[in-house]
Visitor: 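Handing you this structure, nothing more for now.
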Amino acid sequence: MSAVILDGKALGLRIEAHLAQRVATLKNSGVEPHLAVVLAGDDPASQVYVRNKQRACERCGIKSTRIDLPNDVSQEQLMRVVANLNSDESVHGILVQSPTPNGTDELAITETIDPSKDVDGFHPTNLGRLVMGQTDGLLPCTPAGIIQIIEDANIDLIGKKAVVIGRSRIVGMPLALLLAQKGIDATVTIAHSKTEDIEGICRTADLVVAAIGRAETIQTDWIKPGATVIDVGINRVVDDSRDSGSRLAGDVDPAVSEVAGHMTPVPGGVGPMTISMLMSNTVRAAEILLN
Ligand code: GUN
């Protein structure tokens, strides 16, 4: 058997085409959706991510402003930049690219962002709303994108077993809450580095989501035949057969596609959907302000 490949890139582009229509409606009402991205430091991966976010803004017709700050930016300077964006009425979404430089407190910066402009969905107010079952607000982008992929493929999780590997505040924890919410109704296990018999637990699952950040860790014999496998990993690994000397690898061994029923590719699966959900949150933030 060979898995149906869940094409996040194609789905993301479809979603963005709909968003472009909503952006046009907002502009007709005199509102130009506007995302401000703060990039502190010179992390090469962050440079690529931010460029991809700006390109998505262009596709949707969203205005984007990029604020570059040096690697030695102080906590106070970063907080001041966020405070200025909070009070700038032309800005609907604020994103501070992670990781922020050594010596800065990312959680404190997140808490400084106005929750109504928190398009990453990481502010305690927005995460708290999610815990309370209120899923109509600004949801964290990667978990929201995974739910969209599952829904678009008509994968029914009611009463089914889902295993989320990874317990980060950005992916694992909020995704577990979304999968367990009313309407999706999965029975969710959160597995992590201390979990005993993680392979055995995965083998019982109808859905496995891998968000651990270690290349090609999930093996074929971890997966129940026909299960859905979502790969959140983006790992750069050495590959001497390529001119660049490296390639991108997910957290899941590609051979898993021989047993899974559905599987996301890397690249082209969860990554593009994360960006499309950021666009969606920015449009939503602008619409909420208007209404
Ligand atoms: N760094 C890697 N992914 C993300 C993301 O989704 N949001 C932010 N702010 N930083 C990131």
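Just so you know, ligand 1 is whichever comes first in the structure, and atom 1 is the first atom listed for that ligand.
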Visitor: Let me know which of Lys161, Lys160, Lys224 forms a salt bridge (Lys or Arg N to Asp or Glu O under 4.0 Å) with Asp206.
Guide: Lys224
Visitor: Less than 4.5 Å apart, side chain to side chain, heavy atoms only: is that true for Val252 and Val208?
Guide: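 Not touching, per the 4.5 Å side-chain cut-off.
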Visitor: Report yes if some heavy atom in the side chain of Met173 is under 4.5 Å from a heavy atom in the side chain of Leu127; otherwise report no.
Guide: no
Visitor: For the residue pair Ile109 and Val38, establish whether any side-chain heavy-atom pair is separated by less than 4.5 Å.
Guide: no
Visitor: One line per pair, note the atom names and distance for all nitrogen or oxygen contacts under 3.5 Å between ligand 1 and the protein.
Guide:
| residue | atom | partner | partner atom | Å |
| --- | --- | --- | --- | --- |
| ligand 1 | 1 (N) | Gln97 | NE2 | 3.0 |
| ligand 1 | 1 (N) | Ser98 | O | 2.9 |
| ligand 1 | 7 (N) | Asp120 | OD1 | 3.0 |
| ligand 1 | 7 (N) | Asp120 | OD2 | 3.3 |
| ligand 1 | 9 (N) | Val96 | O | 2.9 |
| ligand 1 | 9 (N) | Asp120 | OD2 | 2.5 |
| ligand 1 | 10 (N) | Ser98 | N | 2.9 |

Visitor: Heavy atoms, side chains only, cut-off 4.5 Å: are Thr100 and Val73 in contact?
Guide: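 Of all side-chain heavy-atom pairs linking Val73 with Thr100, none is under 4.5 Å.
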Visitor: Hey, does Met279 have a side-chain heavy atom less than 4.5 Å from the side chain of Arg59?
Guide: no
